[in-house]
2 protein chains.
Amino acid sequence: MIKVNKKIEYGVLALLYLNSKEDKAASVREMASNCGVPEALLSKVMQTIKNVGYVSAVYGNHGGYKLTKTLEEINLLGITLALDGPIQVADCLKPGNETCPAKQSCTIVDPMNVLNQKIIELFQTTSLQQLSAQKELSVKEVTLS
Amino acid sequence: MIKVNKKIEYGVLALLYLNSKEDKAASVREMASNCGVPEALLSKVMQTIKNVGYVSAVYGNHGGYKLTKTLEEINLLGITLALDGPIQVADCLKPGNETCPAKQSCTIVDPMNVLNQKIIELFQTTSLQQLSAQKELSVKEVTLS
DNA sequence: CACAATAAGACTAAATTGGTCTAGCTAGAC
DNA sequence: GTCTAGCTAGACCAATTTAGTCTTATTGTG
């Protein structure tokens, strides 16, 4: 299944929650209980997000995390890269992969790169601002045909 | 990691190989060895692809599979739906999921639907024809609205 | 009938993901 | 200064998903 993982989901939720606190810090405990996600895991997620500069950490009593960027400045690509590494929709795109089983007939590596690039652009153009849009504004029927 | 799975990769390879045979049938063994993929697994993949009508099976000696559609008529969405089920980029999109941990503050379900829809559209507009394009031709057109 | 091929499902193995545990470090409150 | 809430870090484990195998049937041609 093509899907984003829990860390990304949790990170997005936490960042949106942080945004609602304006420039007050929120502890991982507070975020986790408000967002309903596992505290220990969110702790890891926040550390990683801190390392890419979207939030700063406040140590000690009454500490926590604070947003250092606006929702417009944070996009899904940045979050994904931080929490999940580079986007590679197919294994044969991995750097240094010389074991691709289909060398003779392989016309797929570059096309997969095209798909990869499309997904990267999609993620890049999806800001947290967009993800925080109210439901009335963002609803669109998902119809498979 | 956001990625398509092996079955989809193998299915795409096999269909492109089949296309190169024009309307002759190719056995799973032939396809597997030419594409360098596991035969038993490809067998499953081809059965599934047969069930959605992209290929027909020829039983018995000198049998195999034949393409029944053109590369333009087969897109990545169809292959993905067949081999991997509906596209759901986040667990909270699964039908009947009432255990979403973030009900209070959740502003993400519908935005994830938007992302989901964008990915579906991307897959739908990516035909096998595009994936079979020669490398020189396929690099440019990374048009994303 | 013998053989080559698909059909189908149970089963196993490997990899990834999700989540926990433990121990240490930091800084503010008292 | 010490207590405590909180971040840091890494090892570890469990659950799920994915990849791949094995076995047994069925089908159709020569």
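No hydrogens, no waters, no symmetry mates; every other heavy atom, side chains included, goes into these values.
For Tyr10(A), a side-chain nitrogen or oxygen approaches OP1 or OP2 of dG19(C) to under 4.0 Å.
Protein atom NZ of Lys44(B) is 10 Å distant from nucleotide atom P of dA10(C), rounded to whole Å. Note: CG (Leu42(A)) to C1' (dT20(C)) measures 14 Å, nearest angstrom. When rounded to the nearest whole Å, the span between NE2 of His62(A) and P of dT26(C) equals 20 Å.
Remark: side-chain polar atoms of Asp23(A) are not paired, donor with acceptor, to backbone N or O of Lys66(A) under 3.5 angstrom. Not one N or O on the side chain of Asp84(B) forms a donor-acceptor pair closer than 3.5 Å with the backbone of Thr80(B). A distance-only check finds a donor-acceptor pair linking the side chain of Gln130(A) to the backbone of Ser127(A) [under 3.5 Å].
Residue-level contact check: Ser43(B) touches neither bases nor backbone, having no heavy atom under 4.0 Å from any strand. Nucleic acid contact class of Lys50(A) (heavy atoms, under 4.0 Å, all strands): sugar-phosphate only. In this structure, Ala57(B) reaches the sugar-phosphate backbone alone: every heavy-atom distance under 4.0 Å involves primed, P, OP1 or OP2 atoms, never a base.
The residue among Met46(A) and Asn61(A) whose nearest nucleotide of DNA chain D lies closer to the 5′ end is Asn61(A). Summary of the strand contacts: Asn51(A) and Gly63(A) both lie near DNA chain D, and taking for each the nucleotide with the nearest heavy atom, the more 5' one is attributed to Gly63(A). Residue-to-nucleotide proximity on DNA chain C shows that, of Tyr59(A) and Asn5(A), the 5′-proximal contact is made by Asn5(A).
Minimum atom distance to the side chain of Gln47(B) is reached by dA8(C), of the listed dA8(C), dA5(C), dT20(C).
The only option from Val4(B), Thr126(B), Leu122(B), Thr125(B) that meets the side chain to side chain contact (heavy atoms under 4.5 Å, CB included) definition with Leu76(B) turns out to be Thr126(B).
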